[in-house]
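Below is one structure, written out as structure tokens; the observations come after it.
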Amino acid sequence: MTASAVVTRQGATVDIVGVSKSFNQRSDSARVVLRDVNLTVRSGEFVSIVGASGCGKTTLIRMVAGLAPYSSGMIRVGDTIVKGVPKRLGFVFQDAALMPWRTVRANVAMGLNETGALLSKADARTKVEEAMGLVGLSAFADYYPGQLSGGMKQRAGLARALVSEPDLMLMDEPFGALDAFTRLRLQEELAAIVARTTTTTMFVTHDVDEAVFLSDRIVVMSTSPGTVKDIIEVDLPRPRLRREGLLDNRRAAELRDQVLGLVIEDQAR
Amino acid sequence: MARTIAPSDQLVSDALSHSLADQRPDRAAGARERRNRRLMLSLPFVSVILFLVIWQIIGSNTDPILLATPIDTVKAFWDLLSSGELAPAFATAMGDLAAGYTLAMVVGILSGVVIGRSPVVERIVNPYINFFQATPLIALVPLVVIWFGVGFPARVTITFMLAVWSIVINTSTGVKETPHSLLDVSRVYKLNRFSVITKVALPNAVPSIFAGLRIALGKALIGMVIAQMEISVTGLGGIITNYGNAFKTAYLLAGVFTASLVGVIAAALLEVVRRWAFPWTRDQSPGHL
């Protein structure tokens with residue numbers, strides 16, 4: 001998050017080409033979760049993936065992260081085909097997934113495990129402090145996760161993902177379990193943070209307002225089997241601030257209705 | 001975020017105290033509640049004192065060979081202490097326990113980690129764990145004597161043998177139950193196999209391991225006392241056996257209570273270690289203990 005890093009680093013591109021995924025329940029009958037998914041995410045872009053539950057959006061993002069294998073097709077992050085976990089990846093999990101036995105500071109420092117070997121101890125410490133400052137957790141650095149609220153845990157998870165200045169950030173319904181006010185606030189903070197970095201972001205959510213507020217593009221997925229139904233360009237100017245009336249913005253309302261319409265249409269099928 | 005919540009809490013408690021002041025019967029109810037709580041806190045002490053009194057009354061009307069009174073037991077305790085018989089017995093007991101229990105801890109945790117991480121190893125050793133869990137291990141005392149004689153090694157073996165299984169089982173369960181999300185985290189941030197164990201699986205198992213250590217401590221105590229009674233006739237078990245054979249019931253009971261003291265001290269040490277070394281477990285309930 002230093003100025004030089006912002007200049008030199010560039011967000012990764014993501015190419016998902018003809019990807020399918022099926023779980024083998026029995027050898028003879030396989031359940032198809034994703035069929036022929038095609039999607040290209042540009043460097044530095046913020047793309048949300050929405051869809052009814054069961055459309056495979058979490059599976060898709062886990063496959064991009066190298067956490068789940070895909071049955072056919074190809075996923076490429078930057079110029080490397082995904083086999084294991086890609087380099088310089090940040091992942092924010094649904095339930096924060098912090099280590100209860102580590103303080104906030106030590107949890108955030110875990111994000112430097114891959115790249116930290118290149119840093120001096122002092123530099124690593126500075127980066128951890130910066131990341132905690134970025135998400136407003138500096139005062140809670142020595143707390144254990146068990147002592148934090150849900151929103152603060154998720155901030156720590158975000159700081160852990162940001163600390164290595166990732167080329168690609170994957171977020172799996174990170175605000176889904178939070179109360180409405182905390183969620184709105186974290187959305188605004190996330191938008192501000194992402195605007196200051198060059199990272200590419202893929203964001204899974206079932207909250208259409210959230211997707212409209214944060215994204216450059218929204219990928220709507222259909223269910224059984226999951227595939228890309230439509231991709232909506234969010235042509236709202238940035239920065240988008242709720243207190244300046246984004247919620248009343250007619251274009252935002254139109255986009256939300258359009259996305260919701262697509263999801264509902266799919267469910268009615 | 002905590003700061004923004006505090007003022008509203010203040011408001012709520014202000015409102016609450018106002019309404020209490022307005023309604024006098026409520027204040028009386030508060031006083032009654034406090035009195036009830038004091039009563040509840042004092043109940044264990046009352047219970048123990050009452051028990052000792054009843055024991056004293058029954059004991060003083062019974063043949064002292066069948067039942068010694070609490071006062072006689074305390075006198076016997078003092079006698080054992082001042083004659084210099086108790087201290088070495090206590091030391092032997094603590095030594096046997098420390099050796100056998102520490103061995104069980106090291107072996108139990110190491111093998112528990114291996115079993116918890118490797119489904120293959122788990123399947124291979126499962127029959128033996130089930131066998132030793134089902135076997136009354138005390139029945140193996142004669143075999144242990146044949147193998148190790150009647151000295152310190154035999155006593156340590158029996159203490160170890162009784163204690164190790166709960167540690168193995170609880171460690172492997174705790175390691176096996178590492179949440180998938182934490183394993184995902186360790187993959188995303190590229191921890192190597194060794195770090196996954198030391199930084200994720202093992203810390204995750206700590207509460208479960210300590211629960212196992214508590215159970216194992218009770219079993220180790222049993223093993224230690226039995227070994228001292230039946231094999232070497234030494235230490236606290238020796239005092240209990242010897243005075244039992246001499247029908248000196250008060251001295252026997254003094255030995256028994258010293259053995260429970262060993263248990264209490266060891267359990268307290270374990271708890272101190274847990275709080276000092278694993279401060280993050282403080283906020284967690286000790287579970288089913």
Side-chain angles (χ1 to χ4, degrees), chain A residues 62 65-68 84-103 106-117 136-137 139-140 142-153 155 157 160-161 163-164 166 168-170 172 178-179 181-182 185-186, chain B residues 1-9 109 113 116-117 170-171 173-211 213 273-287:
Chain A
R62 285 177 60 82
L67 293 173
V85 178
K87 282 184 196 147
R88 304 196 70 99
L89 176 77
F91 200 112
V92 182
F93 295 85
Q94 213 166 346
D95 65 345
L98 302 173
M99 311 281 163
W101 49 87
R102 287 175 162 241
T103 60
N107 264 293
V108 173
M110 224 170 185
L112 282 179
N113 188 58
E114 181 191 357
T115 56
L137 271 185
F140 298 95
D142 296 316
Y143 281 54
Y144 287 97
Q147 299 169 306
L148 301 181
S149 68
M152 289 201 279
K153 279 183 204 165
R155 282 166 193 266
R160 180 176 63 190
V163 68
S164 62
L168 175 62
M169 281 265 281
L170 302 175
D172 183 12
L178 304 178
D179 69 89
F181 301 115
T182 308
R185 195 163 150 195
L186 279 176
Chain B
M1 233 171 285
R3 270 198 297 280
T4 59
I5 293 166
S8 65
D9 274 357
I109 292 174
V113 168
R117 287 297 295 171
N170 272 50
T171 304
T173 309
V175 165
K176 220 164 38 185
E177 286 173 354
T178 309
H180 283 295
S181 61
L182 296 190
L183 293 175
D184 283 347
V185 170
S186 51
R187 286 171 72 189
V188 167
Y189 298 110
K190 299 168 185 76
L191 271 62
N192 58 36
R193 279 175 71 90
F194 184 69
S195 295
V196 171
I197 291 175
T198 57
K199 292 182 176 172
V200 185
L202 206 48
N204 182 70
V206 161
S208 171
I209 291 172
F210 268 91
L213 288 175
V273 169
R274 185 178 71 80
R275 283 170 180 260
W276 172 76
F278 307 103
W280 51 273
T281 59
R282 268 179 217 158
D283 299 325
Q284 298 182 341
S285 70

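In the text below, chain A, chain B and the rest are named by the order of the sequence lines, each starting its count at 1.
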### Query
Given that the side chain runs from C-beta out, which part of Leu183(B) has a heavy atom under 4.5 Å from chain A: side chain, backbone, both or neither?
neither
### Query
Hey, does Trp280(B) have a side-chain heavy atom less than 4.5 Å from the side chain of Pro207(B)?
yes
### Task
Output every pair passing salt bridge (Lys or Arg N to Asp or Glu O under 4.0 Å) with a member in residues 179-205 of chain B, not counting sequence neighbours, ordered by first then second residue.
Arg62(A)-Asp184(B), Glu114(A)-Lys190(B)
### Query
Side chain, backbone, both or neither: which part of Pro86(A) has an atom under 4.5 Å from a heavy atom of chain B?
backbone
### Query
Side chain, backbone, both or neither: which part of Leu98(A) has an atom under 4.5 Å from a heavy atom of chain B?
backbone
### Message
So for Phe91(A), is it side chain, backbone, both, or neither that comes closer than 4.5 Å to the heavy atoms of chain B?
### Response
both
### Task
Classify the side-chain pair Asn192(B)/Ser195(B) by whether it contains a donor and acceptor separated by less than 3.5 Å.
yes
### Task
Answer yes or no: is there a side-chain heavy-atom contact under 4.5 Å between Tyr189(B) and Arg160(A)?
yes
### Query
Considering only heavy atoms from C-beta outward, does the side chain of Arg274(B) approach that of Leu213(B) to under 4.5 Å?
no
### Message
Between Ala96(A) and chain B, with a heavy-atom cut-off of 4.5 Å, which part of the residue counts as in contact: side chain, backbone, both or neither?
### Response
neither
### Query
Quick one: what part of Val206(B) sits under 4.5 Å from any heavy atom of chain A, side chain, backbone, both or neither?
neither
